[in-house]
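The next block holds one structure in the form of structure tokens; read it before the comments.
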4 protein chains.
Amino acid sequence: MSDRPKRIPPYRLAAAELAAEIRSGIYDQGEPFPSESALCARFGMATMTIRRALEVLREEQGLITTRWGKGSAVVPPAERPAPEIE
Amino acid sequence: MSDRPKRIPPYRLAAAELAAEIRSGIYDQGEPFPSESALCARFGMATMTIRRALEVLREEQGLITTRWGKGSAVVPPAERPAPEIE
Amino acid sequence: MSDRPKRIPPYRLAAAELAAEIRSGIYDQGEPFPSESALCARFGMATMTIRRALEVLREEQGLITTRWGKGSAVVPPAERPAPEIE
Amino acid sequence: MSDRPKRIPPYRLAAAELAAEIRSGIYDQGEPFPSESALCARFGMATMTIRRALEVLREEQGLITTRWGKGSAVVPPAERPAPEIE
DNA sequence: GTGGTCTAGACCACC
DNA sequence: GTGGTCTAGACCACA
């Protein structure tokens with residue numbers, strides 16, 4: 001009972017998928033980062049869940065920056081912190 | 001030079017239409033008041049314009065109450081102030 | 001004294017110049033019509049003067065349409081009324 | 001989960017800064033109150049946000065008066081309401 | 001040339 | 001999934 005595998009929360013899954021996309025470079029040629037509502041539609045998640053995912057990308061991984069009312073933008077590769085080995 | 005009539009701002013038109021509906025009683029049988037986004041779609045107006053219309057209904061006419069995160073509700077007829085004669 | 005030449009008001013000059021541009025077709029390939037503030041800068045005129053010029057293009061000549069908060073757009077050539085011979 | 005402080009909305013920050021300036025008296029020697037567009041430039045905020053800040057100064061704090069087409073003016077110190085202790 | 005209203009979105013905070 | 005705030009402009013109406 002105490003040894004079952006850890007459940008990964010949905011916001012982590014979304015964050016991981018988006019982080020992989022960012023690191024793949026698909027947003028580096030001028031593609032704007034998707035809005036919260038677009039991500040809600042794409043992942044089928046609630047606003048709050050997507051917001052937690054974006055918070056991970058922003059605070060924990062430093063991959064995006066967000067401006068209230070304007071949207072999120074991907075941090076240029078040169079300024080990105082190296083991915084953490086866990 | 002020209003004789004054009006005074007322009008009534010769009011938020012006033014929406015407010016007047018909604019006030020008439022409220023006074024007609026169609027929201028008194030348990031109908032919930034439409035959300036901002038529903039009203040945006042119905043009137044073809046932007047969020048801020050609809051919010052301005054709801055502000056008129058709330059502050060000026062006392063026909064609705066609004067709660068953050070819950071939506072607006074119609075004030076029961078007994079508690080409504082009499083319509084202003086202008 | 002009574003036979004001096006008619007002075008053409010500035011808003012008519014601006015309207016004539018813009019009408020010629022519209023009829024030349026330079027706005028028909030997706031060029032957006034300039035905003036009021038852009039036209040103020042370009043013609044060195046006050047807001048009200050430019051607004052009168054745009055009013056001529058809209059009401060008198062039917063060359064543009066205007067949406068509050070969005071800007072003006074050029075009417076497609078097919079829908080334009082023939083230019084008045086004066 | 002985290003211990004972040006409550007976010008103060010930008011319009012409140014601008015209002016607080018302007019209120020402090022008004023109370024410091026720098027507008028009492030005939031200095032005109034800055035226009036909305038000047039405040040937009042100074043604070044790097046959009047029109048609507050600055051308008052919200054001015055609304056606080058006007059409605060909530062009674063520090064300024066505003067006249068359509070003329071601009072805002074600072075209320076003389078003698079007529080100002082005492083600052084609210086919160 | 002000011003303040004006032006509007007657009008078409010975005011993100012933020014609450015339920 | 002609501003209402004609340006914000007952006008970056010546009011046009012409208014007053015003085």
Side-chain angles (χ1 to χ4, degrees), chain A residues 32-40 45-51 54-55 58 65-73, chain B residues 4 6-12 14 32-40 43-55 58 64-73, chain C residues 32-40 45-51 54-55 58 65-73, chain D residues 4 6-12 14 32-40 43-55 58 64-73:
Chain A
F33 199 72
S35 72
E36 291 187 346
S37 60
L39 294 173
C40 288
M45 293 173 177
T47 310
M48 293 301 287
T49 311
I50 290 298
R51 285 187 56 72
L54 294 179
E55 197 179 322
R58 186 169 54 243
T65 58
T66 302
R67 279 182 63 201
W68 193 344
K70 282 306 291 292
S72 293
Chain B
R4 59 189 154 187
K6 267 229 169 68
R7 277 176 67 78
I8 298 177
Y11 77 92
R12 289 265 165 210
F33 199 72
S35 73
E36 293 186 345
S37 60
L39 294 172
C40 287
F43 287 98
M45 292 174 177
T47 311
M48 299 296 284
T49 309
I50 290 298
R51 287 186 58 71
R52 201 98 165 69
L54 295 180
E55 195 180 320
R58 187 170 52 244
I64 61 172
T65 57
T66 302
R67 284 172 54 199
W68 196 346
K70 294 286 295 195
S72 290
Chain C
F33 199 72
S35 72
E36 292 187 345
S37 60
L39 294 172
C40 288
M45 292 174 175
T47 310
M48 293 301 286
T49 311
I50 290 299
R51 285 186 56 70
L54 294 180
E55 196 178 322
R58 187 171 51 244
T65 57
T66 302
R67 279 182 64 200
W68 194 343
K70 281 305 292 292
S72 292
Chain D
R4 59 189 154 187
K6 268 229 167 69
R7 277 177 67 79
I8 298 177
Y11 78 92
R12 288 266 164 207
F33 199 72
S35 72
E36 294 186 346
S37 61
L39 294 173
C40 287
F43 287 98
M45 290 173 179
T47 311
M48 298 296 284
T49 309
I50 289 299
R51 286 187 58 72
R52 201 98 164 69
L54 294 180
E55 194 180 320
R58 186 170 54 245
I64 61 172
T65 58
T66 302
R67 285 173 54 200
W68 195 346
K70 294 285 296 195
S72 291

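Quick note on labels: first sequence line is chain A, next is B, and so on, each numbered from 1. Everything quoted here is computed from the prediction, not taken from an experiment.
D:Ala14 is linked by a side chain to side chain contact (heavy atoms under 4.5 Å, CB included) to D:Phe43, D:Met45, D:Ala53, counting only residues two or more places apart in sequence or in another chain. Scanning for salt bridge (Lys or Arg N to Asp or Glu O under 4.0 Å) contacts around D:Arg52 gives an empty result, with sequence neighbours left out. Residues meeting the side chain to side chain donor-acceptor pair (under 3.5 Å) test with A:Ser72, sequence neighbours left out: A:Thr66. Residues meeting the side chain to side chain contact (heavy atoms under 4.5 Å, CB included) test with A:Arg67, sequence neighbours left out: A:Lys70. Annotation: salt bridge (Lys or Arg N to Asp or Glu O under 4.0 Å) contacts of D:Arg12 (sequence neighbours excluded): D:Glu60. With sequence neighbours left out, B:Trp68 forms a side chain to side chain contact (heavy atoms under 4.5 Å, CB included) with no residue at all. In this view, D:Ser37 and D:Ser35 satisfy the side chain to side chain contact (heavy atoms under 4.5 Å, CB included) rule, not counting sequence neighbours.
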Reading DNA chain E 5' to 3', how would its secondary structure be written in dot-bracket notation, given Watson-Crick and G-U pairs with both distances under 3.5 Å, brackets [ ] for crossing pairs and | for partners on other strands?
||||||||||||||.
Counting primed atoms plus P, OP1 and OP2 as sugar-phosphate and everything else as base, spell out the protein contacts along nucleotides 4-9 of chain F at 4.0 Å heavy-atom distance: B, S or - for each nucleotide, 5' to 3'.
BBBBBB
